[in-house]
Number of protein chains: 2
Amino acid sequence: MARDKEETKARILTAVGRLLAESGFKSLGVNAIAREAGVDKVLIYRYFEGLPRLLQCFAQEGGYWPTVDELVGDESTVNAETLADWMAYLLSRFSANLQERPMTQEILRWELLEGNELTRELANVRDKFALDSLNFLEDKGSFPPDKDIPAISAVLVAGVVYLMLRTKSSSTFMGIDFSSPAGWQRIQVALDSIVQLTVENNAK
Amino acid sequence: MARDKEETKARILTAVGRLLAESGFKSLGVNAIAREAGVDKVLIYRYFEGLPRLLQCFAQEGGYWPTVDELVGDESTVNAETLADWMAYLLSRFSANLQERPMTQEILRWELLEGNELTRELANVRDKFALDSLNFLEDKGSFPPDKDIPAISAVLVAGVVYLMLRTKSSSTFMGIDFSSPAGWQRIQVALDSIVQLTVENNAK
DNA sequence: GATCTAAGTCACCACTCAGTGACACGGTAT
DNA sequence: ATACCGTGTCACTGAGTGGTGACTTAGATC
(Lines give C-alpha, C1' and ligand atoms only; values in the text may rest on other atoms or scores of the structure.)
Protein backbone atom coordinates (compact mmCIF):
# COMPACT_ATOMS: atom_id res chain seq x y z
CA MET A 1 0.00 0.00 0.00
CA ALA A 2 2.61 2.52 1.10
CA ARG A 3 5.04 0.78 -1.25
CA ASP A 4 7.99 1.54 0.96
CA LYS A 5 10.00 -1.45 2.04
CA GLU A 6 11.74 0.15 5.01
CA GLU A 7 8.56 1.67 6.34
CA THR A 8 6.78 -1.63 6.00
CA LYS A 9 9.55 -3.41 7.85
CA ALA A 10 9.33 -0.80 10.57
CA ARG A 11 5.56 -1.20 10.79
CA ILE A 12 5.97 -4.93 11.21
CA LEU A 13 8.56 -4.50 13.94
CA THR A 14 6.50 -2.01 15.91
CA ALA A 15 3.50 -4.29 15.51
CA VAL A 16 5.50 -7.04 17.20
CA GLY A 17 6.19 -4.70 20.09
CA ARG A 18 2.59 -3.61 20.47
CA LEU A 19 1.29 -7.13 20.25
CA LEU A 20 3.85 -8.37 22.73
CA ALA A 21 3.04 -5.68 25.25
CA GLU A 22 -0.71 -6.04 24.87
CA SER A 23 -1.44 -9.70 24.51
CA GLY A 24 1.82 -11.42 25.35
CA PHE A 25 3.70 -13.92 23.29
CA LYS A 26 0.89 -16.45 23.14
CA SER A 27 -0.81 -14.60 20.35
CA LEU A 28 2.42 -13.74 18.60
CA GLY A 29 1.86 -15.44 15.27
CA VAL A 30 2.52 -14.49 11.69
CA ASN A 31 -1.14 -13.85 11.03
CA ALA A 32 -1.64 -11.75 14.14
CA ILE A 33 1.43 -9.64 13.45
CA ALA A 34 0.39 -9.04 9.87
CA ARG A 35 -3.09 -8.08 10.99
CA GLU A 36 -1.76 -5.72 13.66
CA ALA A 37 0.64 -4.11 11.21
CA GLY A 38 -1.98 -3.82 8.49
CA VAL A 39 0.29 -5.67 6.13
CA ASP A 40 0.06 -8.89 4.18
CA LYS A 41 1.74 -11.71 5.98
CA VAL A 42 3.66 -12.77 2.91
CA LEU A 43 5.78 -9.67 3.39
CA ILE A 44 6.91 -11.01 6.74
CA TYR A 45 8.29 -14.02 4.94
CA ARG A 46 9.87 -11.88 2.23
CA TYR A 47 11.53 -9.38 4.52
CA PHE A 48 12.28 -11.51 7.55
CA GLU A 49 12.22 -15.09 6.29
CA GLY A 50 9.62 -16.06 8.85
CA LEU A 51 8.82 -15.57 12.50
CA PRO A 52 12.10 -16.61 14.14
CA ARG A 53 14.18 -14.15 12.17
CA LEU A 54 11.61 -11.42 12.65
CA LEU A 55 11.70 -11.88 16.39
CA GLN A 56 15.46 -11.95 16.29
CA CYS A 57 15.45 -8.61 14.50
CA PHE A 58 13.02 -7.29 17.04
CA ALA A 59 15.22 -8.46 19.88
CA GLN A 60 18.27 -6.80 18.36
CA GLU A 61 16.43 -3.51 18.13
CA GLY A 62 16.66 -3.48 21.89
CA GLY A 63 14.98 -0.88 24.04
CA TYR A 64 13.06 -3.38 26.10
CA TRP A 65 15.63 -3.25 28.84
CA PRO A 66 17.04 -0.25 30.70
CA THR A 67 20.70 0.53 31.05
CA VAL A 68 22.24 0.85 34.47
CA ASP A 69 22.82 4.56 33.94
CA GLU A 70 19.21 5.05 32.98
CA LEU A 71 18.19 3.17 36.08
CA VAL A 72 20.40 5.11 38.43
CA GLY A 73 19.74 8.53 36.99
CA ASP A 74 21.76 11.43 38.27
CA GLU A 75 24.10 9.96 40.83
CA SER A 76 24.73 13.23 42.60
CA THR A 77 21.10 13.47 43.65
CA VAL A 78 21.01 9.98 45.11
CA ASN A 79 21.11 9.79 48.85
CA ALA A 80 23.19 6.65 49.23
CA GLU A 81 26.56 6.01 50.76
CA THR A 82 27.15 2.42 51.67
CA LEU A 83 26.95 -0.60 49.42
CA ALA A 84 23.70 -1.56 51.09
CA ASP A 85 22.27 1.87 50.35
CA TRP A 86 23.11 1.51 46.71
CA MET A 87 21.76 -2.00 46.50
CA ALA A 88 18.48 -0.96 48.05
CA TYR A 89 18.28 2.03 45.76
CA LEU A 90 19.00 0.00 42.66
CA LEU A 91 16.47 -2.65 43.60
CA SER A 92 13.80 -0.07 44.15
CA ARG A 93 14.56 1.66 40.86
CA PHE A 94 14.63 -1.65 39.08
CA SER A 95 11.24 -2.53 40.46
CA ALA A 96 9.72 0.78 39.43
CA ASN A 97 11.25 0.59 35.99
CA LEU A 98 10.09 -2.94 35.34
CA GLN A 99 6.59 -2.00 36.35
CA GLU A 100 6.41 0.43 33.48
CA ARG A 101 7.69 -1.94 30.86
CA PRO A 102 4.94 -4.36 29.95
CA MET A 103 6.92 -5.58 26.98
CA THR A 104 9.85 -6.47 29.20
CA GLN A 105 7.51 -8.26 31.57
CA GLU A 106 6.21 -10.32 28.70
CA ILE A 107 9.73 -11.17 27.65
CA LEU A 108 10.48 -12.34 31.17
CA ARG A 109 7.36 -14.49 31.11
CA TRP A 110 8.44 -15.82 27.80
CA GLU A 111 11.89 -16.73 28.98
CA LEU A 112 10.21 -18.62 31.75
CA LEU A 113 8.51 -21.20 29.68
CA GLU A 114 10.06 -21.42 26.31
CA GLY A 115 13.64 -22.47 25.89
CA ASN A 116 14.34 -21.68 22.26
CA GLU A 117 17.21 -19.83 20.65
CA LEU A 118 15.49 -16.50 20.84
CA THR A 119 14.64 -16.56 24.51
CA ARG A 120 18.16 -17.67 25.23
CA GLU A 121 19.44 -14.67 23.36
CA LEU A 122 17.04 -12.42 25.24
CA ALA A 123 18.21 -14.01 28.47
CA ASN A 124 21.79 -13.18 27.58
CA VAL A 125 20.93 -9.53 27.11
CA ARG A 126 19.18 -9.51 30.43
CA ASP A 127 22.01 -11.24 32.19
CA LYS A 128 24.45 -8.72 30.81
CA PHE A 129 22.36 -5.97 32.32
CA ALA A 130 22.41 -7.83 35.61
CA LEU A 131 26.16 -8.15 35.54
CA ASP A 132 26.46 -4.46 34.69
CA SER A 133 24.45 -3.72 37.78
CA LEU A 134 26.70 -5.89 39.90
CA ASN A 135 29.76 -4.14 38.51
CA PHE A 136 28.19 -0.80 39.24
CA LEU A 137 27.59 -1.89 42.80
CA GLU A 138 31.10 -3.18 43.23
CA ASP A 139 32.37 0.24 42.18
CA LYS A 140 30.26 1.84 44.86
CA GLY A 141 31.64 -0.31 47.65
CA SER A 142 33.62 -3.48 47.28
CA PHE A 143 31.80 -6.68 48.16
CA PRO A 144 32.48 -8.04 51.64
CA PRO A 145 34.33 -11.34 51.18
CA ASP A 146 32.18 -13.19 53.68
CA LYS A 147 28.97 -12.42 51.79
CA ASP A 148 27.93 -13.76 48.41
CA ILE A 149 26.50 -10.52 47.08
CA PRO A 150 25.64 -11.91 43.63
CA ALA A 151 23.68 -14.77 45.15
CA ILE A 152 21.86 -12.46 47.55
CA SER A 153 21.08 -10.11 44.68
CA ALA A 154 19.85 -13.00 42.57
CA VAL A 155 17.37 -14.06 45.23
CA LEU A 156 16.06 -10.55 45.76
CA VAL A 157 15.84 -9.66 42.09
CA ALA A 158 14.16 -12.98 41.37
CA GLY A 159 11.69 -12.23 44.13
CA VAL A 160 10.87 -8.82 42.74
CA VAL A 161 10.49 -10.17 39.23
CA TYR A 162 8.23 -12.99 40.30
CA LEU A 163 5.99 -10.76 42.36
CA MET A 164 5.82 -8.33 39.47
CA LEU A 165 4.89 -10.99 36.95
CA ARG A 166 2.25 -12.39 39.26
CA THR A 167 0.34 -9.20 39.82
CA LYS A 168 -1.04 -9.20 36.30
CA SER A 169 -2.98 -12.41 36.73
CA SER A 170 -3.44 -12.74 40.46
CA SER A 171 -3.38 -9.98 43.01
CA THR A 172 -2.47 -11.76 46.21
CA PHE A 173 0.58 -13.70 47.25
CA MET A 174 1.15 -15.13 50.71
CA GLY A 175 -1.69 -13.11 52.06
CA ILE A 176 -0.29 -9.85 50.79
CA ASP A 177 -2.59 -7.84 48.58
CA PHE A 178 -0.80 -6.37 45.60
CA SER A 179 -3.76 -4.62 44.10
CA SER A 180 -3.11 -1.64 46.33
CA PRO A 181 0.13 0.32 46.66
CA ALA A 182 0.20 -0.73 50.31
CA GLY A 183 1.21 -4.26 49.37
CA TRP A 184 4.10 -3.07 47.29
CA GLN A 185 5.05 -0.69 50.03
CA ARG A 186 5.44 -3.61 52.43
CA ILE A 187 7.63 -5.42 49.90
CA GLN A 188 9.70 -2.30 49.44
CA VAL A 189 10.25 -1.96 53.16
CA ALA A 190 11.04 -5.65 53.46
CA LEU A 191 13.59 -5.41 50.67
CA ASP A 192 15.23 -2.40 52.29
CA SER A 193 15.54 -4.09 55.64
CA ILE A 194 16.79 -7.31 54.09
CA VAL A 195 19.47 -5.48 52.18
CA GLN A 196 20.51 -3.30 55.09
CA LEU A 197 20.69 -6.14 57.59
CA THR A 198 22.21 -8.69 55.26
CA VAL A 199 24.72 -6.72 53.25
CA GLU A 200 25.95 -4.25 55.80
CA ASN A 201 29.06 -5.72 57.31
CA ASN A 202 27.75 -5.80 60.85
CA ALA A 203 29.47 -9.12 61.48
CA LYS A 204 32.85 -7.48 61.39
CA MET B 1 -13.75 -49.81 25.32
CA ALA B 2 -13.60 -50.66 29.01
CA ARG B 3 -17.20 -49.59 29.25
CA ASP B 4 -16.70 -48.27 32.75
CA LYS B 5 -17.59 -44.65 33.29
CA GLU B 6 -15.67 -44.12 36.52
CA GLU B 7 -12.55 -45.77 35.21
CA THR B 8 -12.72 -43.69 32.07
CA LYS B 9 -13.11 -40.53 34.08
CA ALA B 10 -10.12 -41.54 36.17
CA ARG B 11 -8.07 -42.25 33.05
CA ILE B 12 -8.88 -38.81 31.73
CA LEU B 13 -7.92 -37.14 34.99
CA THR B 14 -4.60 -38.94 35.27
CA ALA B 15 -3.92 -38.12 31.65
CA VAL B 16 -4.31 -34.45 32.53
CA GLY B 17 -1.72 -34.86 35.27
CA ARG B 18 0.75 -36.69 33.07
CA LEU B 19 0.35 -34.23 30.25
CA LEU B 20 0.71 -31.28 32.58
CA ALA B 21 3.87 -32.60 34.17
CA GLU B 22 5.46 -33.61 30.89
CA SER B 23 4.64 -30.92 28.40
CA GLY B 24 3.13 -28.11 30.43
CA PHE B 25 -0.19 -26.44 29.96
CA LYS B 26 0.53 -25.22 26.46
CA SER B 27 -0.34 -28.58 25.00
CA LEU B 28 -3.26 -29.11 27.33
CA GLY B 29 -6.10 -29.36 24.86
CA VAL B 30 -9.10 -31.60 24.55
CA ASN B 31 -7.55 -33.54 21.72
CA ALA B 32 -4.23 -34.04 23.47
CA ILE B 33 -5.87 -35.21 26.68
CA ALA B 34 -8.08 -37.66 24.84
CA ARG B 35 -5.08 -39.00 22.94
CA GLU B 36 -3.03 -39.36 26.10
CA ALA B 37 -5.86 -41.10 27.90
CA GLY B 38 -6.63 -43.36 24.96
CA VAL B 39 -10.22 -42.20 25.02
CA ASP B 40 -12.50 -40.50 22.58
CA LYS B 41 -12.66 -36.80 23.21
CA VAL B 42 -16.41 -36.73 23.09
CA LEU B 43 -16.36 -38.45 26.47
CA ILE B 44 -14.56 -35.48 27.92
CA TYR B 45 -17.48 -33.33 26.91
CA ARG B 46 -19.99 -35.87 28.19
CA TYR B 47 -18.38 -36.44 31.56
CA PHE B 48 -16.83 -33.06 32.23
CA GLU B 49 -18.73 -30.66 29.99
CA GLY B 50 -15.53 -29.47 28.38
CA LEU B 51 -12.03 -28.44 29.32
CA PRO B 52 -12.69 -25.84 32.01
CA ARG B 53 -14.77 -28.17 34.16
CA LEU B 54 -12.33 -31.02 33.60
CA LEU B 55 -9.46 -28.91 34.81
CA GLN B 56 -11.52 -27.77 37.74
CA CYS B 57 -12.12 -31.40 38.70
CA PHE B 58 -8.43 -32.06 38.32
CA ALA B 59 -7.60 -29.13 40.54
CA GLN B 60 -10.02 -30.32 43.22
CA GLU B 61 -8.36 -33.73 43.26
CA GLY B 62 -5.43 -31.95 44.84
CA GLY B 63 -2.11 -33.61 45.50
CA TYR B 64 -0.08 -31.13 43.52
CA TRP B 65 0.84 -29.22 46.62
CA PRO B 66 2.44 -30.45 49.84
CA THR B 67 1.02 -29.89 53.29
CA VAL B 68 3.04 -28.09 55.89
CA ASP B 69 3.37 -31.27 57.94
CA GLU B 70 4.62 -33.16 54.94
CA LEU B 71 7.14 -30.43 54.34
CA VAL B 72 8.40 -30.28 57.87
CA GLY B 73 8.51 -34.01 58.49
CA ASP B 74 9.33 -35.24 61.94
CA GLU B 75 9.75 -32.12 64.03
CA SER B 76 11.74 -33.85 66.74
CA THR B 77 14.56 -34.57 64.32
CA VAL B 78 14.80 -30.99 63.11
CA ASN B 79 17.69 -29.02 64.45
CA ALA B 80 16.02 -25.65 64.73
CA GLU B 81 15.30 -23.42 67.67
CA THR B 82 14.72 -19.84 66.76
CA LEU B 83 12.17 -18.44 64.36
CA ALA B 84 14.96 -17.77 61.91
CA ASP B 85 16.08 -21.38 62.12
CA TRP B 86 12.60 -22.58 61.31
CA MET B 87 12.19 -20.14 58.46
CA ALA B 88 15.44 -21.20 56.90
CA TYR B 89 14.55 -24.84 57.35
CA LEU B 90 11.12 -24.42 55.84
CA LEU B 91 12.49 -22.47 52.89
CA SER B 92 15.05 -25.14 52.19
CA ARG B 93 12.49 -27.93 52.44
CA PHE B 94 10.10 -25.99 50.26
CA SER B 95 12.74 -25.57 47.62
CA ALA B 96 13.64 -29.25 47.63
CA ASN B 97 10.00 -30.30 47.53
CA LEU B 98 9.12 -28.00 44.70
CA GLN B 99 12.04 -29.30 42.69
CA GLU B 100 10.49 -32.75 42.69
CA ARG B 101 7.04 -31.65 41.65
CA PRO B 102 7.08 -30.87 37.95
CA MET B 103 3.33 -30.67 37.90
CA THR B 104 3.32 -28.04 40.61
CA GLN B 105 5.97 -26.12 38.73
CA GLU B 106 3.79 -26.14 35.66
CA ILE B 107 0.86 -24.90 37.68
CA LEU B 108 2.97 -22.05 38.99
CA ARG B 109 3.99 -21.19 35.44
CA TRP B 110 0.40 -21.34 34.47
CA GLU B 111 -0.74 -19.01 37.21
CA LEU B 112 1.86 -16.63 35.95
CA LEU B 113 0.40 -15.97 32.58
CA GLU B 114 -3.19 -16.90 32.52
CA GLY B 115 -5.69 -15.14 34.71
CA ASN B 116 -8.77 -17.29 34.34
CA GLU B 117 -11.08 -18.74 36.95
CA LEU B 118 -9.14 -21.94 37.23
CA THR B 119 -5.73 -20.42 37.85
CA ARG B 120 -7.31 -18.13 40.38
CA GLU B 121 -8.67 -21.16 42.18
CA LEU B 122 -5.30 -22.85 42.02
CA ALA B 123 -3.75 -19.67 43.36
CA ASN B 124 -6.13 -19.75 46.29
CA VAL B 125 -5.09 -23.28 47.20
CA ARG B 126 -1.47 -22.25 47.00
CA ASP B 127 -2.01 -19.16 49.09
CA LYS B 128 -3.73 -21.22 51.76
CA PHE B 129 -0.65 -23.40 51.93
CA ALA B 130 1.47 -20.28 52.26
CA LEU B 131 -0.68 -18.97 55.11
CA ASP B 132 -0.49 -22.36 56.81
CA SER B 133 3.27 -22.09 56.66
CA LEU B 134 3.18 -18.65 58.20
CA ASN B 135 0.94 -19.88 60.97
CA PHE B 136 3.28 -22.78 61.59
CA LEU B 137 6.16 -20.35 61.85
CA GLU B 138 4.30 -18.07 64.21
CA ASP B 139 3.74 -21.06 66.48
CA LYS B 140 7.46 -21.70 66.52
CA GLY B 141 8.35 -18.20 67.61
CA SER B 142 6.12 -15.19 67.53
CA PHE B 143 6.90 -12.63 64.86
CA PRO B 144 8.95 -9.64 66.01
CA PRO B 145 6.70 -6.59 65.77
CA ASP B 146 9.32 -4.47 64.06
CA LYS B 147 9.71 -6.93 61.17
CA ASP B 148 7.17 -7.71 58.48
CA ILE B 149 7.77 -11.44 58.41
CA PRO B 150 5.06 -12.17 55.81
CA ALA B 151 6.51 -9.62 53.42
CA ILE B 152 10.03 -10.91 53.95
CA SER B 153 8.81 -14.46 53.41
CA ALA B 154 6.97 -13.41 50.29
CA VAL B 155 10.12 -11.96 48.75
CA LEU B 156 12.21 -15.00 49.57
CA VAL B 157 9.63 -17.55 48.50
CA ALA B 158 9.02 -15.61 45.33
CA GLY B 159 12.74 -15.62 44.68
CA VAL B 160 13.03 -19.35 45.16
CA VAL B 161 10.04 -20.01 42.95
CA TYR B 162 11.31 -17.79 40.18
CA LEU B 163 14.76 -19.29 40.19
CA MET B 164 13.22 -22.73 40.18
CA LEU B 165 10.96 -21.99 37.25
CA ARG B 166 13.81 -20.46 35.31
CA THR B 167 16.19 -23.37 35.49
CA LYS B 168 14.11 -25.46 33.15
CA SER B 169 14.57 -23.15 30.20
CA SER B 170 17.70 -21.20 30.99
CA SER B 171 20.48 -22.22 33.31
CA THR B 172 22.07 -18.95 34.31
CA PHE B 173 20.74 -15.98 36.21
CA MET B 174 22.79 -12.98 37.26
CA GLY B 175 25.96 -14.81 36.42
CA ILE B 176 25.12 -17.75 38.63
CA ASP B 177 25.13 -21.12 36.95
CA PHE B 178 22.22 -23.27 38.01
CA SER B 179 23.09 -26.29 35.94
CA SER B 180 25.36 -27.52 38.70
CA PRO B 181 24.45 -28.08 42.34
CA ALA B 182 27.04 -25.44 43.22
CA GLY B 183 24.77 -22.68 42.00
CA TRP B 184 21.88 -23.85 44.13
CA GLN B 185 24.26 -24.24 47.02
CA ARG B 186 25.13 -20.55 46.78
CA ILE B 187 21.45 -19.67 46.77
CA GLN B 188 20.85 -21.88 49.75
CA VAL B 189 23.64 -20.23 51.70
CA ALA B 190 22.42 -16.80 50.69
CA LEU B 191 18.90 -17.62 51.84
CA ASP B 192 20.17 -18.88 55.16
CA SER B 193 22.22 -15.79 55.82
CA ILE B 194 19.40 -13.50 54.72
CA VAL B 195 16.97 -15.17 57.05
CA GLN B 196 19.37 -15.30 59.98
CA LEU B 197 20.50 -11.70 59.66
CA THR B 198 17.10 -10.27 58.82
CA VAL B 199 14.72 -12.16 61.04
CA GLU B 200 16.80 -12.63 64.13
CA ASN B 201 15.88 -9.83 66.44
CA ASN B 202 19.38 -8.41 66.65
CA ALA B 203 18.00 -4.90 66.73
CA LYS B 204 16.62 -5.44 70.18
C1' DG C 1 5.78 5.45 -23.92
C1' DA C 2 7.36 0.48 -23.39
C1' DT C 3 9.65 -2.49 -20.14
C1' DC C 4 11.24 -4.40 -16.11
C1' DT C 5 11.57 -5.01 -11.30
C1' DA C 6 10.32 -4.30 -6.59
C1' DA C 7 6.31 -3.98 -3.54
C1' DG C 8 1.96 -5.47 -2.44
C1' DT C 9 -2.46 -8.52 -3.02
C1' DC C 10 -5.03 -12.67 -3.36
C1' DA C 11 -6.08 -17.40 -3.28
C1' DC C 12 -4.91 -21.38 -1.84
C1' DC C 13 -2.80 -25.76 0.74
C1' DA C 14 -2.22 -28.76 4.68
C1' DC C 15 -2.69 -28.94 9.28
C1' DT C 16 -4.55 -28.51 14.15
C1' DC C 17 -8.00 -27.23 17.12
C1' DA C 18 -12.74 -27.25 19.75
C1' DG C 19 -17.05 -28.88 19.44
C1' DT C 20 -21.28 -31.69 17.70
C1' DG C 21 -24.49 -35.05 15.59
C1' DA C 22 -25.28 -39.65 14.16
C1' DC C 23 -24.41 -44.22 14.86
C1' DA C 24 -22.86 -49.01 17.00
C1' DC C 25 -22.66 -51.94 20.80
C1' DG C 26 -23.80 -54.28 25.29
C1' DG C 27 -25.93 -55.06 29.32
C1' DT C 28 -30.55 -54.72 31.75
C1' DA C 29 -35.36 -54.54 32.70
C1' DT C 30 -39.77 -55.63 30.93
C1' DA D 1 -37.03 -61.67 22.57
C1' DT D 2 -37.25 -56.80 22.58
C1' DA D 3 -37.04 -52.27 23.84
C1' DC D 4 -34.09 -49.15 26.22
C1' DC D 5 -30.33 -46.55 27.97
C1' DG D 6 -25.54 -45.94 29.14
C1' DT D 7 -21.01 -46.30 27.02
C1' DG D 8 -18.04 -45.83 23.38
C1' DT D 9 -16.82 -44.84 18.13
C1' DC D 10 -16.75 -42.26 13.94
C1' DA D 11 -17.21 -38.51 10.86
C1' DC D 12 -17.85 -34.16 10.30
C1' DT D 13 -18.02 -28.73 10.56
C1' DG D 14 -15.98 -24.27 11.16
C1' DA D 15 -12.45 -21.51 12.56
C1' DG D 16 -7.74 -20.53 12.82
C1' DT D 17 -2.80 -21.37 11.91
C1' DG D 18 1.82 -21.37 9.20
C1' DG D 19 3.38 -21.26 4.76
C1' DT D 20 3.61 -20.81 -0.62
C1' DG D 21 2.66 -19.75 -5.56
C1' DA D 22 0.55 -16.79 -8.86
C1' DC D 23 -1.05 -12.52 -9.83
C1' DT D 24 -1.39 -7.12 -9.99
C1' DT D 25 0.36 -2.66 -9.68
C1' DA D 26 3.44 1.34 -8.91
C1' DG D 27 7.55 3.59 -10.12
C1' DA D 28 11.99 3.97 -12.00
C1' DT D 29 15.03 3.14 -16.33
C1' DC D 30 15.78 3.02 -20.95
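Atom CD of A:Glu7 is separated from atom P of D:dG27 by 13 Å (rounded to the nearest Å). Rounded to whole angstrom, the span from the CG atom of A:Asp40 across to the P atom of D:dA22 amounts to 16 Å. We find that CZ of A:Phe48 is positioned 12 Å from P of C:dG8, with the value rounded to whole Å. What separates CD1 of B:Ile33 from P of C:dG19 is a distance of 11 Å, to the nearest Å. The separation between B:Leu43 atom CG and D:dC10 atom P is 12 Å, rounded to whole Å. With rounding to whole Å, B:Lys5 atom NZ is found 16 Å from C:dT28 atom P.
A heavy-atom distance below 4.5 Å is not found between the side chains of A:Thr167 and A:Phe173. You'll find the side chain of A:Leu28 reaches within 4.5 Å of the side chain of A:Trp110, heavy atoms only. Taking the side chain as every heavy atom from C-beta outward, A:Leu13 and A:Leu54 approach each other to under 4.5 Å. Between A:Glu75 and A:Lys140 there is a side-chain heavy-atom pair separated by less than 4.5 Å. Looking only at side-chain heavy atoms (C-beta outward), B:Val125 and B:Tyr64 come within less than 4.5 Å of each other. Using a 4.5 Å heavy-atom threshold, the side chains of A:Phe129 and A:Phe94 count as touching.
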For nucleotides 22-25 of chain C, give me every protein contact, N/O to N/O, under 3.5 Å, one pair per line with atom names.
| from | atom 1 | to | atom 2 | distance (Å) |
| --- | --- | --- | --- | --- |
| C:dC25 | O2 | B:Arg3 | NH2 | 2.6 |

Report, one pair per line, the protein and nucleotides 15-18 of chain C atoms (nitrogen or oxygen only) whose separation is under 3.5 Å.
| from | atom 1 | to | atom 2 | distance (Å) |
| --- | --- | --- | --- | --- |
| C:dC17 | OP2 | B:Arg35 | NH2 | 3.4 |
| C:dA18 | OP1 | B:Val30 | N | 3.2 |
| C:dA18 | OP2 | B:Val30 | N | 3.2 |
| C:dA18 | OP2 | B:Asn31 | N | 3.1 |
| C:dA18 | OP2 | B:Asn31 | ND2 | 2.9 |
| C:dA18 | N7 | B:Lys41 | NZ | 3.1 |

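Under the side chain to side chain donor-acceptor pair (under 3.5 Å) criterion, the residue pairs touching residues 32-42 of chain A are A:Arg18-A:Glu36, A:Asn31-A:Lys41, with sequence neighbours excluded.
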Residue pair A:Ser193, B:Thr198: steps toward the side chain to side chain donor-acceptor pair (under 3.5 Å) verdict: CA-CA 7 Å; A:Ser193 70; B:Thr198 308; over 6 Å; no
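Between B:Thr8 and D:dT7, a side-chain N or O to OP1/OP2 separation shorter than 4.0 Å is absent.
Within the 3.5 Å criterion, the main-chain N or O of B:Glu81 finds a donor-acceptor partner in the side chain of B:Asp85. Using modelled atom types, no side-chain atom of A:Ser179 and backbone atom of A:Ser171 make a donor-acceptor pair closer than 3.5 Å.
Within residues 15-26 of chain A, no residue has a heavy atom under 4.0 Å from DNA chain C.
To the nearest 0.5 angstrom, B:Ser95 atom OG is 7.5 Å from B:Leu191 atom CG.
The rotation axes computed at either terminus of the helix from C:dG1-D:dC30 to C:dT30-D:dA1 lie 30° apart, taking five pairs at each end and rounding to 10 degrees.
Under a 4.0 Å N-O distance rule, the pair B:Glu117/B:Arg120 does not qualify as a salt bridge.
Among residues two or more places apart in sequence or in another chain, the side chain to side chain contact (heavy atoms under 4.5 Å, CB included) test is passed with B:Ala123 by A:Arg166, A:Ser170, B:Glu111, B:Arg126.
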